Amino acid sequence: MKEGATIPPKIALIGNPNSGKSTIFNQLTGLRQKTGNFPGVTVDIKEGHFKCSDGSEVMLIDFPGTYSFYPSSSDEKLVSAVLANPKDPRFPDAIVYIADVTCLEKHLLLLTQLLDLQLPILMALNMADTASELGIKINVVKLSEELGIPVVLVSGRTGEQMPKLTTELEKLLLPNQNTRKPFYDLNPVEKQVSEAIRLNFNEENPYRALQLAHHFSWLPFLNEAEKATIATIVDTKNFQSLRYQVDETLDRFDRFTPLVHRTILQPPAVAKTPTDRIDAVFTHRWAGPVLFFATMLLLFQAIFEWSVYPMDWIESGFSTLNEFLQTSLPAHWTTELLTDGILTGLAGILVFVPQIALLFLLITILEEVGYMARVVFMFDRTMRRFGMNGRSVVALIGGSACAVPAIMSSRTIGNWKERLITVMVTPFISCSARIPVYLVLIGLAVPKVKIGGFLSAQTLVFGAMYALGVIAAFLTGYAMKRWLRTREPSFLAIELPVYRVPYWKNVWLTVWEKVSAFVVGAGKIILIVSIALWALSRFGPGDAMATATADAEKEAAALNLDAIHQEDLIKQRQLEASWAGQMGKAIEPAIRPLGYDWKIGIALLTSFAAREVFTGTLAVLYNMGSAEADINDRSDNEAKATMRQKMQRETFRDSGKPVYSLATALSLLVFYALAMQCMSTLAVVSRETGSWKWAFFQFLFMSGLAYLAAWLVQVVFA
Amino acid sequence: MQRRYRSIPDLKTNESARALSFSDAALACKLTAMGVLPGARVEMVRQSPFGNAYYVKVDGVRLALRKEEADSILIEV
């Protein structure tokens, strides 16, 4: 092996979008993969491990799909940036190029560009199964000879010829690879520019030097002085970047198209394929959008219907465990930390897993089948009116599960402004973390009546909250479109792939990856908040807690309360005296116009980091200690009813008016629909936009809007 | 006789024509990389539901193109 025992050699998987690259990656690595965490690198790409026949490890890096070295979106740019910089930690020792054999002509462009980098490379001709179905004949030996690299015909889906691929892959890592003649001959200007850059940057490869000339303005690894050097070279030689890129592309096509004709025999094209027939309906003028909304409706219906059961199991499992620990462990604050802090936090994370998993399962299937590209096509116009791109639809749909991966999916949008707007508005879409908040507040405020005999008022309000999020997203997009200026070109140009039955391994791995990212990423924050919340409500300044306890005991004795009610009273007085209580009271003046009291204030503060903490906090606030009433426990209707009664009995300390009027509950609903209350999202936004500036702006804007809207609701309904 | 260029939006549904050249360098760079080349056979399949985008087939490969992108591809008269 090349690199010695400690660092495994790196093999890059590169190919066009829709080449079936991730299928091959999943075949080779299975679960031995994760989102890459290379030092100093902010955009993640997947890495996986693969064991050679001699037992040594190889690291496989799955690069985003791209058509050429001349990129137009940030995930495509990543490929050019890594390959232009041999010092990059992800710079590969060898490349496995994946091409779709059923349209090889389109897939050879990037291969021939890679050939000119002189790295060890092999080509996997994917989709052998489809090719034989279509009657395509390939002369693999001749193709390999003419290109001068190993070529293997494989099928990622059936696993056909995968062992052959792994043997060839291992051979790639052996030393003594012959250098090849460059595929593309630089034109005179390109040659001069390339040579000048090679001298200045100590670069051996002429084609890589040429890449620096094309991309220097945005390449992240060049410093200002280096950029200035290249700028001077490019200017003095009159290097016309854009024109040369097109010329080079056309020249390459001219060279390899005859080669494809010599090695592949394609039967005459069928007039109408199944894909054409499906698209005649699914992208139809009227039927297309109607079917899209029907699909979305079904999707959400399925999520709410199906995820109830596993959610109930998780909730009741945790509450049983919690009770068991409370009764069997000694009464000490460490027990409370374990049960009220850690376990409550864990339950708060895991209860979302079924919903998120189901939503991602269905979205991934739509993507794998090829439907999402059609949605992008149908709604591009609509999205552009609101400052976005057709591709933003994918992010917005994903946002209904969790904004974090949804925001990451916006990387396929090339235009900076469209991408930024997508990132900024995606958190307005009601994610699964808002659902429990909605459920509690709607149950509290909206009577269980049917409108017109069949439409439940509660369902209607629930739907209205989703609609509010969508409307806020689009209006914000429209405002930002007016406000931001960019001269960067915007592209739609997207391939509409052939419809395929999903490859289930890809689906499962994607769902697994997204769900585990949620559990680890968002989960960490929820757990920390849950523990901090417990500590803040368990301890207070000075001897405030002790005084409150003594006072409550006296009061209980005076009122002649039984043991359980005395305990509740003590807990409530303690909470009021605790740090959390102090904080809630401190912000009460600010939230009083919205109709909220200090207890809701605490819930607002704690759910700043993650919305779902809200219901847990309320449970603690109104019922701390009484195990019977866990508001999260949906299987326990009696407990919920008790909880609800307690909330309905709440009154303001000064005026004595009830806290949870219809106006307050609606105002809280609107607040939660619009406010930015998710640390993980803010972290992702700052990472994806490259600065905290936008995350901070988003936080201020969304929370300000939420405050105003909640105030308005309070005024109108009060 | 005056020779005038047409572009993709001028094609009727199911009509096809040969692509000749591009009128915009940045779009040409993107489109050629996706395999839209001078000499390719372009077929108009349909318009998008809300307009402003086209579903086309270029040498059998299905693509969605925005109006500006389609406009930039000049085709034979």
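So that the names make sense, note that chain A is the first sequence line, chain B the second, and so on, each numbered from 1. A quick note: this is a predicted structure, and the numbers were derived from the prediction, not measured.
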Nearest heavy atoms of [X] and [Y], plus distance in Å:
X: A:Leu492; Y: B:Ala53; value: CD2-CB, 4.0 Å
X: A:Val246; Y: B:Ala25; value: CG2-O, 4.0 Å
X: A:Leu250; Y: B:Pro38; value: CD2-CD, 3.7 Å
X: A:Ala493; Y: B:Leu31; value: CB-CD2, 4.3 Å

Problem - Heavy-atom check, side chain of B:Leu63 versus side chain of A:Ile494, under 4.5 Å - result: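 Side chain of B:Leu63 against side chain of A:Ile494, heavy atoms only: no contact under 4.5 Å found.
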Practice task
Go through the atoms of A:Ala280 and report whether side chain, backbone, both or neither lie under 4.5 Å from a heavy atom of chain B.
Solution key: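 A:Ala280 touches chain B through backbone and side-chain heavy atoms alike.
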Handout entry: Part of A:Phe253 lying under 4.5 Å from any heavy atom of chain B
Key =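 Contact with chain B is through the side chain of A:Phe253 alone.
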Exercise for the section: Just give me the residue among A:Pro289, A:Gly288, A:Gly414 that pairs up with chain B most often, heavy atom to heavy atom, under 4.5 Å. Expected result: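 Heavy-atom pair counts peak at A:Pro289.
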Problem - Options B:Leu37, B:Leu27, B:Leu65, ranked by heavy-atom pairs under 4.5 Å with chain A, top entry - result: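 Result: the option with the highest number of such pairs is B:Leu37.
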Using only the distance criterion (under 3.5 Å, no hydrogens considered), which donor-acceptor pairs connect chain A with chain B?
residue, atom, partner, partner atom, Å
A:Ser72, OG, B:Lys30, NZ, 2.9
A:Lys106, NZ, B:Gly35, O, 3.1
A:Thr273, OG1, B:Arg62, NH2, 2.9
A:Asp276, OD1, B:Lys57, NZ, 3.2
A:Asp276, OD1, B:Arg62, NE, 3.2
A:Asp276, OD1, B:Arg62, NH2, 3.1
A:Asp276, OD2, B:Lys57, NZ, 2.9
A:Asp276, OD2, B:Arg62, NH2, 3.4
A:Asp279, O, B:Arg46, NH1, 3.4
A:Asp279, OD2, B:Tyr55, OH, 2.4
A:Thr283, OG1, B:Arg46, NH1, 2.8
A:Asp380, OD1, B:Arg66, NH2, 2.8
A:Asp380, OD2, B:Arg66, NE, 2.7
A:Asp380, OD2, B:Arg66, NH2, 3.4
A:Arg381, NH1, B:Phe50, O, 3.0
A:Arg384, NH1, B:Glu68, OE1, 3.1
A:Ser490, OG, B:Arg66, NH1, 2.5
A:Leu492, N, B:Glu69, OE2, 2.5
A:Ala493, N, B:Glu69, OE1, 2.9
A:Ala493, N, B:Glu69, OE2, 3.4
A:Ile494, N, B:Ala64, O, 3.1
A:Ile494, O, B:Ala64, N, 2.8
A:Leu496, N, B:Arg62, O, 2.9

